[in-house]
Trainee: 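Mind having a look at this structure? Questions to follow.
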Amino acid sequence: MNMNKNRWLITCRLGLLLTLSLGVPAFAQDAKEGKDTDETAAKYSRRGADTCLKCHDEESEFPVFSIFKTKHAVPADKRTPFAKLQCETCHGPIGEHGKMMLRKGQKRAPILNFGPKSAVSFEQQNEICLGCHATDGRIGWKGSSHDQVDVTCTSCHDIHAPRDRVLAKNEQPEVCYNCHKRERAEFYRPSVHPVRFGEMACSECHNTHGAFTASLLARPSLNQTCYGCHPEKRGPFLWEHAPVPEDCALCHAPHGSIHPALLIKRPPWLCQACHSQAGHPSAGLTGAGLPGGTPSAFLLSGACTNCHSQVHGSNHPSGVKLMR
Amino acid sequence: MKTPTKSMLLIVLLGVAPCATAADNNAPELTLPVDTFKWKCKFCTFEEGHSGYAEGGIGHVDDDSFKFGEYTGLNEDGAYFIGDAHYRYRGTEAHYFDLDARNLGLDSRSVEVEGGRQGKYDLFLNYDEIPHFISDSAVTPFIGTGEDVLNLPPGWVRAPTTTGMTALPGSLRQVDIETQRERLGLGIRFIPARKWQSSINARHETKEGTQRIAGAFQFDATQFLQPVDYTTDEFDASATYTGHRLQARFAYYGSQFKNSDESLTFDNPFTSLFGADAGQLALPPDNDFHQLLTSVGYEINKKTRLTADLAVGRGEQDENFLAPTVNPAIVVPTLPRGSLDGRVDTTNANIRINSALTDRWQFNAALRHDDRDNKTPQATYAWVNTDSVLAALRTNLPYSFTTDELNLSADYHLAKRTRVSVGFDHEETERTFQEVEETEDRTLWTKISSQAQDNFSLLMKAELSDRSISNYMAVPEIFPPQNPLMRIYNMADRERVMFGMQVMATPRETVSIGAGVEHAKNDYDRSVIGLLSSDELSVNLDASMQLSEKTSLYVFWNRQQISSKQAGSSTFFSTPNWLQDEDDTFNATGIGFRHTIVKNKIDIGADYAYVRSRGEITVSTVVPDPSFPDLETRLNSLKVYVDYRLKENLSLKGTVWYEDYDTDDWQLDGVQPDTIPNVLTLGETSPSYDLYVVGLSIRYRFNTTMQK
């Protein structure tokens, strides 16, 4: 155990040293560099958005005017596309797409667009957005679960829409369900978090833009994510119930369950998967304990929790058995 | 790990920030690649002015049901106010203001406000209420429900069993189990310098109401309600640097939990042989948690990116202990300390490198370290079992956990948007004071992600995982001991296989079809007692169609089955003599459509969902015993709406919502307060309802925006 810890300590220190030695000169170097570009002025339009909007009006096949209702179209904010190269900030230089006259039968050359039909790779599409938006929770995008299955920013975000559905708590889950079909059904289970009622969004527990945790959680660990709304379980307590501080998901299914309190199984069997002490903890409980037989305290109503009610731990000096 | 890690973090924080700021001050302004002098944007319709809508109306629920209104506030029979509003202001020089208000007439109301000067500062205010209506069928004889002292009514007759409690039937009163959260959040986000963004947020939440709990006296137990009167304050501050190649974020998070009630004292309704006329439970103690976080992302070159983050936290709890017992007949030795002085230090560190070594190959490596170091002092405590009997001394066990994980993977890009990945994960977890010191998980996985065709996408993944453990040994402090054949499943040898596939196809522009399957199997191959195996299978189908310009339709179906087997032995320290088999099945089907009857005038829509769950439990013992009935829930939900535009800015919306829900739950059905001889229960019944909700509202839109 000590050898492993030493090895880990060395690895960690090396890693931090690496980050530090790259980070300090990186700040200095980063500030001196502008964005690399090999586009030449000749490929850009003559009039910027006015060139594009001559064709892309309200009646066109690809209406775009909704962008003007969004934060991307605020010229007074120097960071936004409309303070820079307007449409071409994201869509790249107009090139041949802006050619006025087409020969008979000739198809218009495409502009850089976003989505599954784009000629540009998913990674390149995302690089355009990340050029400005690689902040906060998106620092970990590269190599994250969504990046690894080629999810693009536009898979979830509506840029040319007055209201980006994924940013609204009550509409966000519908966007996620486009790929996460199982989760749509799971939130119909009898015991759930209030996602399908519009009271909770997926992003309250998940950082979909990239996190190191296995399920892209919003906080550094699963338990820390749960304690955000359930801090009364955080403790530490005098008498701890071992699975609780380790991992809430050892007993609970966060997306819902057919059992009460989002439990993966119900007591007594949830408890008997780990407790086998002689006496009542290891009794084989059958239908003989139902109200029609000999009603059993170990089986009915709360089962084990009829007595052991402090399942998350107890700070009572006499709470050894989680009964006080 | 603690001291060197924290000093490293300090060096990063102190060393990096001034460098970045100094470098930034010398940085040249970004120049555009083309002269945009003639780009006047005269066709651009920038917004300036006010717009939004207000919606008001009346709804009516035709029956009471906590289950129906569980999280919405539609739990009571009667009328309710429909109130929603949205307001938007766009001004000159990037000034803006947004307000969204929803469900103003219900206990699930929320208001979100955001405003400021985009690019300079943003201010946020949000107010949110989340109800949780848990049960409306609980009954109790106790007086004082919702308070921290529960007394039995005058004239109460104690008895050895519930059937002997002659005063019980006449003293039962109905009590609601419910909580209400109210959250108020304030925040500011601002740009202190070029390439920097800072934010500060504070959130204050109160949670009030009642929750189920129970108190026992030896083998006699009573269910009742505990008061919930919690306050949680959270605060976070962050500063983020976003450069072309380097991004870094420094943040602080703090959380403080306070409980207005430290204990719940309750009378004993049973006859006690030990003079235990009352008992006292500890309610969750106040605690707090503080954390420093830093994340760094650096593009080493065009093909290689490094990401790292570190979060160092401390949680503390030091509330004064309650007395070991409220039974005056028991003399307890002095406790070794007056409070716990509980402290947990957490460290979560990650580093990841992704590198595209060639155009087709990408390699990824990541290291993760999660540590919960429980520094709570140990001591030996004299304690009283359920306010009845002085018990043998016991030492507290402050559990610590450390997990180290290494992930290695390679991606190969086949022609046109198909990526094949293989990976290996190695995870080691160390635990203190538990049966197993170290567990080791090794996982081999593969994934294929393909969007090679414009109208077809595929995602497939498979994994094989093996867990092995160091010696499994009894924990000496735990008495009585476990059966030596027990293997606690998160610390047991395990073989795991998982396979999943999702496909999505758009055979025509107007049709999209999806199908998926996921199967996972866990085999605890060396466990004899405890969980032996678990299996999960999930299948889904869905389709959406644009039938015409005016009509769209969707349909989905999902089935999940979770099966598990576990064994136990009721004979002291022996091989298993009972087996529990459980099959939980869940089916959800939905269909809906939207149709425009008259363009820009009348729209209708409907959504129907049919959901059914079943839990089948079988316990086989040496003798044939009666089986369990199935646990079932059935939900039918149909919503129909009509949207009628009276004028350009005025529309009428009508909704009719029918829902019926039914449950069969043998743990609750037929269990009255006095059904179990030694447990006085709340007598809850499994929920069911059959009701309508109708609503009529008017929405007024306004728009004074000029389009510049």
Side-chain angles (χ1 to χ4, degrees), chain A residues 15-16 19 24 26-28 30-31 41 44 48-50 53 68 74 76-77 117 134-135 139-140 142-143 149 181-182 185 188 190 194 197 199 212 220 231-232 234 236 238 246 258 269 273-274 276-278 282-284 286-288 291 295 297 300-301 306-307 309 315-318 320 323, chain B residues 8 19-20 23 27 34 39 41 43 45 71 93-94 118-119 213-214 216 221 240 242-243 245-247 257 282 284-285 295 297 305 308 311 324 342 344 348 350-351 354 383-384 394 449 454 480 482-483 486 488 531 540 558 570 572 578 588 611 613 619 621 625-626 633 670 675-676 679 681:
Chain A
L16 283 169
T19 311
V24 171
F27 271 113
D30 185 85
Y44 284 89
D50 286 335
L53 295 173
F68 295 111
V74 179
D77 178 358
K117 296 186 182 175
T135 58
I139 288 175
K142 186 76 185 164
V149 293
K181 319 273 187 183
R182 191 181 72 176
Y188 273 101
F197 305 100
E199 288 295 297
F212 281 97
E232 70 279 8
R234 187 163 55 205
L238 170 59
E246 177 171 344
I258 73 167
W269 300 288
C274 299
S276 62
Q277 283 86 342
S282 54
T286 68
L300 299 174
S301 196
N306 288 332
C307 297
S309 56
N315 208 50
H316 194 297
S318 298
V320 174
M323 293 163 86
Chain B
M8 283 287 188
C19 286
V34 65
W39 292 21
C41 222
F43 297 139
T45 54
Y71 288 112
E93 297 303 312
Q118 190 181 315
I213 200 164
T240 310
T242 309
R245 289 169 64 176
L246 174 74
Q247 300 82 41
F257 167 77
S295 306
R305 183 170 171 86
V344 165
N348 307 96
N350 300 273
I351 188 163
N354 307 99
W383 64 285
V384 177
R394 192 73 169 231
S449 157
D454 282 346
Q482 297 254 35
N483 185 319
M486 160 59 82
I488 297 177
L531 189 63
N540 61 269
N558 177 276
S570 58
F572 184 65
W578 62 261
V611 180
S613 74
V619 176
T621 60
D625 268 340
T633 64
T675 299
I676 309 171
V679 182
T681 70

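Sequence lines set the chain letters: A, B, ... in the order given, protein chains first and strands last, and positions in each chain run from 1. The model shown is predicted, which means the values in this text are computed figures rather than measured ones.
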Trainee: So which residue, A:Ala49, A:Ala76, A:Ala273, ends up with the most heavy-atom pairs under 4.5 Å with chain B?
Mentor: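 It is A:Ala273.
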Trainee: Checking A:Ala283 against chain B: side chain, backbone, both or neither under 4.5 Å from a heavy atom?
Mentor: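 It is the backbone, since no side chain atom gets that close.
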Trainee: When only pairs under 4.5 Å are counted, which of B:Thr681, B:Leu531, B:Thr675 shares the most heavy-atom pairs with chain A?
Mentor: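 Between B:Thr681, B:Leu531, B:Thr675, the count favours B:Thr675.
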Trainee: Tell me, side chain or backbone of B:Val611 under 4.5 Å from chain A's heavy atoms, or both, or neither?
Mentor: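 It is the side chain, since no backbone atom gets that close.
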Trainee: Kindly give the heavy-atom pair with the smallest separation between A:Lys142 and B:Asn354, and that separation in Å.
Mentor: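 Here A:Lys142 and B:Asn354 meet closest at O-OD1, 3.2 Å.
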Trainee: Could you give the distance from OG1 (B:Thr633) to CD1 (A:Ile258), rounded to the nearest 0.5 Å?
Mentor: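 Taking OG1 in B:Thr633 and CD1 in A:Ile258, the distance rounds to 7.0 Å.
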Trainee: Does B:Asn350 have any side chain to side chain contact (heavy atoms under 4.5 Å, CB included) partners at least two apart in sequence or in another chain, and if so, which?
Mentor: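 With sequence neighbours excluded, B:Asn350 shows a side chain to side chain contact (heavy atoms under 4.5 Å, CB included) to A:Phe212, B:Asp309, B:Arg368, given in chain and number order.
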Trainee: Heavy-atom pairs under 4.5 Å with chain A: which of B:Pro626, B:Ser449, B:Ala311 has the most?
Mentor: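 Option with the top pair count is B:Pro626.
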Trainee: Can you see which heavy atom on A:Cys274 is nearest to which on B:Met486, and at what distance?
Mentor: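 Taking every non-hydrogen atom into account, C-CE, 3.4 Å.
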Trainee: Return the CH2 to OH distance between B:Trp39 and A:Tyr44, rounded to the nearest 0.5 Å.
Mentor: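 Going from CH2 on B:Trp39 over to OH on A:Tyr44, the span is 7.5 Å.
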Trainee: Is there a side-chain contact between B:Asn558 and A:Arg182, using heavy atoms and a 4.5 Å cut-off?
Mentor: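 SC-SC contact between B:Asn558 and A:Arg182 confirmed.
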Trainee: If you count heavy-atom pairs under 4.5 Å between each of B:Pro324, B:Ala588, B:Gly670 and chain A, which one has the most?
Mentor: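 Ranked by contacts with chain A, first place is B:Pro324.
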Trainee: Give me the atom names and distance for the closest heavy-atom approach of B:Tyr71 to A:Pro194.
Mentor: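 Where B:Tyr71 meets A:Pro194 most closely, the heavy atoms are CG-CB, 3.3 Å.
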Trainee: Pick whichever of A:Cys307, A:Pro291, A:Ala278, A:Pro220 has the most heavy-atom pairs under 4.5 Å with chain B.
Mentor: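 Of the candidates given, the most pairs with chain B belong to A:Pro220.
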Trainee: For chain B, which candidate among A:Pro236, A:Ala288, A:Gly284 shows the most heavy-atom pairs at distances under 4.5 Å?
Mentor: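 Of the candidates given, the most pairs with chain B belong to A:Pro236.
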Trainee: What distance do B:Gln482 atom CD and A:Gln277 atom CD have between them, rounded to the nearest 0.5 Å?
Mentor: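 Output value for this atom pair is 4.0 Å.
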Trainee: Step by step, would you call B:Trp578 with A:Thr286 a side chain to side chain contact (heavy atoms under 4.5 Å, CB included)?
Mentor: CA-CA 10 Å; B:Trp578 62 261; A:Thr286 68; over 6 Å; no
Trainee: In terms of heavy-atom pairs under 4.5 Å with chain B, which of A:Ala185, A:Gly140, A:Ser276, A:Ala297 leads?
Mentor: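 Among A:Ala185, A:Gly140, A:Ser276, A:Ala297, the one with the most close pairs to chain B is A:Ser276.
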Trainee: Answer with side chain, backbone, both or neither: which region of B:Arg394 has an atom nearer than 4.5 Å to a non-hydrogen atom of chain A?
Mentor: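 Both backbone and side chain of B:Arg394 come within 4.5 Å of chain A.
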Trainee: Flag the one option from A:Pro295, A:Pro317, A:Ser309 with the top tally of heavy-atom pairs under 4.5 Å to chain B.
Mentor: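 The residue among A:Pro295, A:Pro317, A:Ser309 with the greatest pair count is A:Pro317.
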Trainee: Run the salt bridge (charged side-chain N to carboxylate O under 4.0 Å, His left out) test against B:Asp625 and tell me which residues pass, sequence neighbours left out.
Mentor: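 Here no residue qualifies.
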Trainee: Using non-hydrogen atoms only, which part of B:Asn483 is less than 4.5 Å away from chain A: side chain, backbone, both, or neither?
Mentor: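 Looking at B:Asn483, backbone and side chain both touch chain A.
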Trainee: Can you tell me which portion of B:Ser295 sits under 4.5 Å from chain A's heavy atoms? Options are side chain, backbone, both or neither.
Mentor: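 It is both, since atoms from each part get that close.
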Trainee: Can you tell me how far the CZ atom of B:Phe257 sits from the CZ atom of A:Arg234, to the nearest 0.5 Å?
Mentor: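 The distance works out to 8.5 Å.
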Trainee: Which distance, rounded to the nearest 0.5 Å, do you find between the OG1 of B:Thr242 and the CD1 of A:Ile139?
Mentor: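 One gets 6.5 Å once the value is rounded to the nearest 0.5 Å.
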